[in-house]
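On a predicted model such as this, the values are computed, not experimentally measured, just so you know. Sequential numbering from 1 along the given sequence is applied to the chain's residues.
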Amino acid sequence: MVTSYRFIARRRGLAATGAAAALALTLAACGSSSSDSSSMPGMDHGSKSSASASPSASQAMGDMPGMDHMAPGNGLSDTRGGYRLISKDATLPSGKQTAYRFTVTGPDGRPVTGFALDQTKRMHFYAIRSDLTGFQHIHPTMAADGTWSANLSSLAPGSWRLFASFTPEAGPGKGKDFVLSRTVTVPGDAAKAPLPAPATSTQADGYTVTVKGEPMAGMAHPLTVSIAKDGKPVTDLEPYLDTYAHLTAFHEGDAAFAHLHPTTKVTGDNGGPDLSFHAELPTSGNWRLFLQFQTGGKLHTAALTLRVG
């Protein structure tokens with residue numbers, strides 16, 4: 001009888017252990033499902049200025065140019081993730097070319113000197129006036145001590161925001177994209193230009209640029225850009241920064257930054273007329289788009305206002 005009692009008790013103990021294990025697995029599965037649902041594209045954008053796609057979406061888009069380096073945030077801070085944009089220049093002269101010098105320091109407070117290539121460049125630098133005029137996109141040079149020099153073209157008087165877009169090659173931020181910015185003042189009589197009304201097409205250097213798509217704030221949407229000249233589709237777009245066109249956007253009011261990543265692969269020396277972009281604009285309102293494309297060795301810049309709901 002004692003032996004039988006011990007056998008029954010042992011069986012009951014094993015059953016209890018199995019039930020506890022099954023319960024633990026069920027709770028873990030529920031927790032995993034909750035976490036995965038929050039990482040779906042567009043699901044967690046309400047509390048963030050920008051967000052990355054879910055792992056499955058990232059894998060599906062990983063082979064698209066620029067899709068593996070999606071910069072977080074809106075670029076309206078000089079500090080992010082321990083990295084900081086530093087410059088002694090608070091004012092810049094008007095009416096002439098000038099150099100803006102800056103450094104990027106890491107979490108250890110030292111200047112960063114190792115940067116990964118992003119669309120063929122180690123640093124992308126942008127300048128925009130508060131009324132979203134005077135757009136410049138340049139690629140500065142770096143000295144051995146980590147000091148960058150961005151040669152800016154003539155600046156009109158007013159308040160300007162200067163953005164540095166980069167990816168650290170090592171350290172805590174390795175492989176992550178950052179967009180940091182600072183403001184400078186250009187002394188003089190600053191006449192504010194009104195923002196052009198939203199439109200689906202614009203003209204630049206004899207080219208007609210048409211944008212199709214209805215992006216919604218905080219959600220990923222496709223955007224198609226078509227380029228024509230004299231009423232005919234343009235098919236001689238040359239590769240520029242590892243793509244056929246580069247598209248940047250700035251938000252009216254605060255000049256928040258967004259890079260619309262190309263999803264059209266470069267397959268040869270000529271492309272066009274239709275180009276696809278991944279648009280993920282964090283805030284509703286008017287955005288000023290700047291499309292850069294190259295033909296015959298010449299770079300063209302087209303601008304239009306896009307309304308985001």
Query - Joint hydrophobic cluster, Ile86 plus Leu180, side-chain heavy atoms closer than 4.5 Å - result: no

Query raised in the report: After noting the C-alpha distance and the side-chain angles of Arg161 and Thr183, does the key distance pass the side chain to side chain donor-acceptor pair (under 3.5 Å) rule?
Result: CA-CA 4 Å; Arg161 185 169 287 276; Thr183 58; 5.2 Å; no

Query - Rounded distance [0.5 Å steps], CG in Leu275 versus CZ in Phe293 - result: 9.5 Å

Query raised in the report: With the 4.5 Å side-chain cut-off for hydrophobic clustering, are Met123 and Leu241 part of the same group?
Result: no

Report summary line: Between the CG atom in Leu299 and the CD atom in Gln294, the distance rounded to the nearest 0.5 Å is 6.0 Å

Query raised in the report: Looking at CZ of Phe277 and CG of Leu260, how far apart are the two atoms once the value is rounded to the nearest 0.5 Å?
Result: 7.5 Å

Review item, side-chain donor-acceptor pairs of residues 218-235, under 3.5 Å, at least two apart:
unit_1: Ser226; atom_1: OG; unit_2: Asp274; atom_2: OD1; d: 2.5

Query raised in the report: Looking at Pro140 and Ala150, what are the two nearest heavy atoms and their distance?
Result: CB-CA, 3.8 Å

Quick one: side chains of residues 97-115, donor-acceptor pairs under 3.5 Å with protein atoms, not counting sequence neighbours, listed by atom name and distance.
unit_1: Tyr100; atom_1: OH; unit_2: Ser87; atom_2: OG; d: 3.4
unit_1: Asp108; atom_1: OD1; unit_2: Arg110; atom_2: N; d: 3.0

**Report entry** Residue pair Thr243 / Thr264, side-chain heavy-atom distance below 4.5 Å
**Finding:** no

**Report entry** Whether Thr185 side chain and Pro187 backbone form a donor-acceptor pair below 3.5 Å
**Finding:** no

Requested in this report: Measure from the side-chain N and O atoms of Ser181 to the backbone N and O of Gly75, and report whether any donor-acceptor pair falls under 3.5 Å.
Outcome: yes

Requested in this report: Only counting residues at least two apart or in another chain, list the ones meeting ring pair (Phe, Tyr, Trp, His ring centres under 6.0 Å) with Trp160.
Outcome: none

Kindly list each side-chain donor-acceptor pair under 3.5 angstrom involving residues 195-214, sequence neighbours excluded, with atom names and distances?
unit_1: Thr202; atom_1: OG1; unit_2: Ala303; atom_2: O; d: 3.1
unit_1: Gln203; atom_1: OE1; unit_2: Thr208; atom_2: OG1; d: 3.3
unit_1: Gln203; atom_1: NE2; unit_2: Thr208; atom_2: OG1; d: 2.8
unit_1: Asp205; atom_1: OD2; unit_2: His300; atom_2: ND1; d: 2.9
unit_1: Tyr207; atom_1: OH; unit_2: Thr295; atom_2: OG1; d: 2.8

Query - Whether Asp131 side chain and Ala193 backbone form a donor-acceptor pair below 3.5 Å - result: yes

Report task. Could you grab the distance from atom CG of Leu289 to atom CG of Leu132, nearest 0.5 Å is fine? Result -> 11.0 Å

Query raised in the report: Is the backbone N or O of Ser276 less than 3.5 Å from a side-chain atom of Thr263, with the two atoms forming a donor-acceptor pair by type?
Result: yes

Report task. Starting from the C-alpha separation in whole Å, work towards a yes-or-no answer on side-chain contact (heavy atoms from CB on, under 4.5 Å) for Glu169 and Arg122. Result -> CA-CA 9 Å; Glu169 196 172 39; Arg122 300 191 185 280; 4.0 Å; yes

**Report entry** Where Pro157 and Ala190 come nearest, the two heavy atoms and their spacing
**Finding:** O-CB, 3.5 Å

Query raised in the report: Going from CH2 on Trp148 to NE2 on His139, what distance comes out if it is rounded to the nearest 0.5 angstrom?
Result: 10.5 Å

Query - Flag side-chain contact, heavy atom, 4.5 Å: Phe163 against Phe250 - result: yes

Query raised in the report: Under a 4.5 Å side-chain heavy-atom rule over Ile, Leu, Val, Met, Phe, Trp and Tyr, are Trp287 and Leu76 clustered together?
Result: no

Requested in this report: Please report the closest heavy-atom contact between Ile138 and Leu152, naming both atoms and the distance.
Outcome: CD1-CD2, 3.8 Å

Query - Asp269 atom CG: more than 12 heavy-atom contacts under 6.0 Å - result: no

Requested in this report: Please say whether more than 12 non-hydrogen atoms of neighbouring residues, nucleotides or ligands are located less than 6.0 Å from CE in Met216.
Outcome: no

Report task. Check whether any side-chain heavy atom of Ser153 sits under 4.5 Å from a side-chain heavy atom of Gln136, and report yes or no. Result -> yes

**Report entry** Side-chain heavy-atom pair Ser149, Thr141 within 4.5 angstrom cut-off
**Finding:** yes

Requested in this report: Measure the acute angle between the ring planes of His246 and Tyr240, then classify it against the limits of 30° and 60° as parallel, tilted or perpendicular.
Outcome: perpendicular

**Report entry** Any residue meeting side-chain hydrogen bond (donor to acceptor under 3.5 Å, both in side chains) with Arg182, in chain and number order, not counting sequence neighbours
**Finding:** Asp78

Query - Between CG on residue Asp177 and OG1 on residue Thr167, distance to nearest 0.5 Å - result: 3.5 Å

Query raised in the report: Taking only residues two or more places apart in sequence or in another chain, which ones pass ring pair (Phe, Tyr, Trp, His ring centres under 6.0 Å) with Tyr126?
Result: His137, Phe257

**Report entry** Ala217 versus Pro282, closest heavy-atom pair with distance
**Finding:** CB-O, 4.0 Å

Query raised in the report: With a 4.5 Å limit on heavy-atom distance, are the side chains of Val308 and His251 in contact?
Result: no

